[in-house]
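Starting from 1, each residue takes its place in the sequence as its number.
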Amino acid sequence: MVSLDRFDIFRAVVEAGSLTAAADRLGLSRAVVSFNLKRLEQELGVTLLLRSTRHLALTEAGEQFLQHCVQALDAAQAAIDAARRDHQQLQGLLRLTTTPEYAQLRLIPALEAFRVRHPALQLHLSTSPAPADLIPERFDLAIRLGRLPDSGLHASELERHPLCAVAAPALLARLPSTEAADDPAQLGTLPRLGYPRLADVPVVAPDGSDALFATNPGNAVVRVDSASSLRAFALAGAGVTVLPRWLIEDDLAQDRLRPVLRQHRFPQQSVYAVYPHSTQPSPKVRQLIDFLRSWFSGHPER
């Protein structure tokens, strides 16, 4: 098997323009560089360089081999960097923020797995329904859901989840039939809940036309500022609303909530890792983002 060290020597000779200059760059003797170059040509069975007392010139085979040589060396270095990064122990404090519901049901299990991998790392998790101001509040990272406003923040998508229009069985019992829950007109006779933090949801009707599901309708009987409160009122039968599926998976499975407008196509809600544009993410932030993306891909909602 051909040694990658000889690839590196060949590349250095080409870039430096001479055996002597390559030897100086690599910290080797000229004789060692010449020996390894000759052995590489013998192992490949081709001449890579035409040598004269003053000049070196690549042969056609040498030009082709150089391209593959550079790719192989770069790939090898990337593999080494990735292995070192994966096993590097992180230290210090990492401050992050998200909503209470997402923290409890999705984020905390992933953070604990990350913390076990990096026991010298301290985590500070702050939860609030309202988005925190990252820079004044000195957060390294925020996990945010849904459409993001234009800002001086960099966003990296971590996962996506479907949005679902739902209501409690007791509320749906007021309708004349089960099918009425899929009819916007008949569903509109039931009370609605309001959640101003979520923008109106674009949906596709069964006939292919576009529509909007108002998340904070003017006739809402209750308005709340957190997803957990919205879910609680929905479970109590107070009204129809839309919620992310990761939050109500158990409620759907146990028939505490039922989907409505089932023939309409609701979008997916993206989850983002957000950090300031003005700063380069630290190794702690970069590794956590990579870890979360990998974790969520292997731990989808049930």
Exercise. Side chains of L107 and L125: closer than 4.5 Å at any heavy-atom pair?
Worked result: yes
Exercise. Is there a side-chain contact between L19 and S34, using heavy atoms and a 4.5 Å cut-off?
Worked result: yes
Problem set entry | same_hphob_cluster(V204, F213) at 4.5 Å side-chain heavy-atom cutoff | no
Exercise. With a 4.5 Å heavy-atom cut-off, do L252 and P259 have their side chains touching?
Worked result: yes
For this session: Just jot down the side-chain contact (heavy atoms from CB on, under 4.5 Å) partners of Q104, sequence neighbours excluded, or say none.
Result: none
Problem set entry | Any R231 side-chain heavy atom under 4.5 Å of L247 side chain | yes
Problem set entry | Residue list, salt bridge (Lys or Arg N to Asp or Glu O under 4.0 Å) with R138, at least two apart or on another chain | none
Exercise. Excluding sequence neighbours, so at least two apart, what forms salt bridge (Lys or Arg N to Asp or Glu O under 4.0 Å) with D210?
Worked result: none
Exercise. Once you round to the nearest 0.5 Å, how far does CG of L123 lie from NE2 of H118?
Worked result: 10.0 Å
Problem set entry | For N216, all residues meeting side-chain contact (heavy atoms from CB on, under 4.5 Å), sequence neighbours excluded | P196, R223
Exercise. Mind checking whether L56 and L50 have side chains closer than 4.5 Å, heavy atoms only?
Worked result: no
Exercise. In terms of side-chain geometry, is the basic nitrogen of R11 or D74 positioned less than 4.0 Å from the acidic oxygen of its partner?
Worked result: yes
Exercise. Is a side-chain donor or acceptor of T99 paired with a backbone partner of S128 at a separation under 3.5 angstrom?
Worked result: no
Exercise. If you measure from the Lys or Arg side-chain nitrogens to the Asp or Glu carboxylate oxygens, is any gap between E43 and R6 under 4.0 Å?
Worked result: yes
For this session: Working to the nearest 0.5 Å, report the span between CZ of R256 and CG of D250.
Result: 6.0 Å
Exercise. Going by atom types alone, do E157 and S270 pair a side-chain donor with an acceptor below 3.5 Å?
Worked result: yes
Exercise. Is the shortest heavy-atom distance from the side chain of K284 to the side chain of L121 under 4.5 Å?
Worked result: yes
Seminar exercise, completed: d(D182 CG, Q263 CD) to nearest 0.5 Å is 5.5 Å
Problem set entry | Presence of salt bridge, K38 and E41, under 4.0 angstrom | no
Exercise. Can we call the ring centroids of W246 and Y102 under 6.0 Å apart?
Worked result: yes
For this session: Nearest 0.5 Å please: distance from the CG atom of L292 over to the CD atom of E159.
Result: 9.0 Å
Exercise. If we ignore angles and hydrogens, is there a donor and acceptor under 3.5 Å between the side chains of S294 and S297?
Worked result: no
Problem set entry | All salt bridge (Lys or Arg N to Asp or Glu O under 4.0 Å) counterparts of R293, not counting sequence neighbours | D290
Exercise. Taking side chain as C-beta onward, heavy atoms only, is I143 less than 4.5 Å from T97?
Worked result: no
For this session: Indicate the ring-plane relationship of Y275 and H154, choosing parallel, tilted or perpendicular according to the 30° and 60° boundaries.
Result: tilted
For this session: Could you tell me the separation between the CG atom of L145 and the CZ atom of R106, rounded to the nearest 0.5 Å?
Result: 10.5 Å
Problem set entry | Geometric cation-pi criterion, R95 with F139: 6.0 Å, 45° | yes
Exercise. With sequence neighbours excluded, what pairs up with L58 under the side-chain contact (heavy atoms from CB on, under 4.5 Å) test?
Worked result: F10, V14, L49, E63, L66
For this session: State whether a side-chain donor-acceptor pair under 3.5 Å links H124 with Q122.
Result: no
Exercise. With a 4.5 Å limit on heavy-atom distance, are the side chains of V242 and L230 in contact?
Worked result: no
Seminar exercise, completed: Taking every heavy atom of T98 against every heavy atom of A103, the minimum-distance pair comes out as CG2-CB, 3.7 Å
